[in-house]
Amino acid sequence: MPELPEVEVLRRSLQRRVIGRRIEHIAVHDERLREPVRTHQLAARLSGRRIVALRRRAKYLLLDVERGNTLVIHLGMSGRVTLVGSDEPREAHEHVAFLLDGGKRLRLRDPRRFGLVFAASTEGLENDRHFAGLGVEPLGPELSGSALASAARGRKAPVKSFLMDGRAVVGLGNIYATESLFRAGIHPRRSVARMSRQSWTELARAIRAVLKQAIEEGGTTLNDFTDGAGKSGYFQVSLAVYGREGDPCPRCGRPVRRIVQSGRASFYCPGCQR
DNA sequence: CGGGCGGCCTGGAGGC
DNA sequence: TGCCTCCAGGCCGCCC
């Protein structure tokens with residue numbers, strides 16, 4: 001489900017309400033996520049400690065707690081984190097819950113169980129196997145046309161796969177890779193070996209613009225994404241081509257096409273994207 | 001090593 | 001109504 005904008009919207013919506021809260025208890029109802037949830041490790045690193053910061057790296061939500069530990073949450077395809085009252089009944093697929101002081105509960109619901117929850121030392125977290133090898137943050141200062149171009153050196157992959165695999169730039173999944181390529185006027189099948197300097201620059205600019213707008217609009221709610229308070233996003237109405245096969249291109253009016261690239265749907269305008 | 005594909009899961013949508 | 005198939009926002013491991 002969630003790509004960078006959704007995780008960022010979640011982070012912002014939770015930030016003010018969980019900073020300073022103490023984690024009093026951790027309830028693991030189902031440990032069978034992408035990797036087995038290590039209940040004891042969560043308790044040892046997090047229990048009794050206050051949350052001091054909320055950060056995001058790629059599509060991971062990071063909750064730093066006192067004494068140098070971090071709770072790492074990845075939402076996979078169907079994960080959803082919300083802050084509710086502690087007396088709220090457990091909902092279906094609520095696999096992990098963090099009881100906070102002040103009568104609150106931070107809950108993780110994840111029907112497909114592709115999500116991930118673990119705790120680790122804050123220091124050196126960037127060297128953890130989940131983070132090592134990730135590319136630059138698209139909204140940070142490092143993203144540029146030349147950064148993308150140099151990451152593409154020696155590669156031949158289609159530019160859409162290149163955007164989605166996270167080695168050059170992180171945070172783009174199927175929706176935002178698709179929308180960024182539309183905005184930059186680049187065909188999703190174009191090989192990264194055949195990109196001009198100008199195209200790389202336009203692509204970097206398009207990525208930033210698309211992600212920023214999506215965050216401002218509260219993320220994309222196709223099925224059930226919500227922020228930490230349960231609020232839906234509305235970027236889905238701003239999608240130009242994603243999920244719009246046959247609809248007129250908002251720029252030139254030609255029908256949007258759907259193709260499949262390495263098992264994933266891609267959408268593009270045959271007139272605007274070459 | 002790069003690139004493509006299947007697998008991991010469940011639920012919702014659509015066809016019959 | 002029910003049953004079946006297909007599809008889904010991510011990621012990893014395996015294969016060539």
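First the proteins, then the strands, lettered A, B, ... as listed; each starts at 1.
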Do any N or O atoms of the protein come closer than 3.5 Å to N or O atoms of nucleotides 5-7 of chain C, and which pairs are they?
none

Dump every N/O contact between nucleotides 11-13 of chain C and the protein below 3.5 Å, one line per pair.
unit_1, atom_1, unit_2, atom_2, d
C:dC11, OP1, A:H74, NE2, 2.3
C:dC11, OP2, A:K59, NZ, 2.9

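Taking the centre and axis of the six-membered ring of A:Y268, the NZ or CZ atom of A:R189 falls outside the cone set by 45° and 6.0 Å.
Following rounding to the nearest Å, A:E6 (CD) and C:dG10 (C1') show an atom-to-atom distance of 12 Å. Atom-to-atom, OH of A:Y242 to C1' of C:dA8 comes out at 7 Å; the value is rounded to the nearest Å.
For the P atom pair drawn from C:dC3 and B:dC9, the interatomic distance equals 24 Å after rounding to whole Å. When the C1' atom is compared between B:dG3 and C:dG9, the two are found 22 Å apart, to the nearest whole Å.
Not counting sequence neighbours, A:F114 has no partner by the ring-ring contact (aromatic ring centres under 6.0 Å, His included) test.
The pair A:E137-A:R57 meets the salt-bridge criterion, with a side-chain N (NZ, NE, NH1 or NH2) lying under 4.0 Å from an Asp/Glu carboxylate O.
Contacts between residues 228-237 of chain A and DNA chain C, defined by a heavy-atom separation below 4.0 Å, involve no residue at all.
Across all strands shown, A:R109 has no heavy atoms under 4.0 Å from either base or sugar-phosphate atoms.
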Q: Could you run through nucleotides 5-12 of chain B and give me one letter per nucleotide, 5' to 3': B if any protein heavy atom sits under 4.0 Å from the base, S if only the sugar-phosphate is that close, - if neither?
A: S--BBBS-

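For A:F235 and A:Y242, the ring centers are positioned 6.0 Å apart or more.
Summarising the geometry, atom CD1 belonging to A:I26 is positioned 10.0 Å from atom CD belonging to A:Q41; distances are rounded to the nearest 0.5 Å.
Side chain to side chain, A:R109 and A:T82 fail the donor-acceptor criterion of an N or O pair below 3.5 Å.
Where DNA chain B pairs in unbroken runs of 3 or more (Watson-Crick or G-U, both distances under 3.5 Å), the stems are B:2-8 with C:10-16, B:10-16 with C:2-8.
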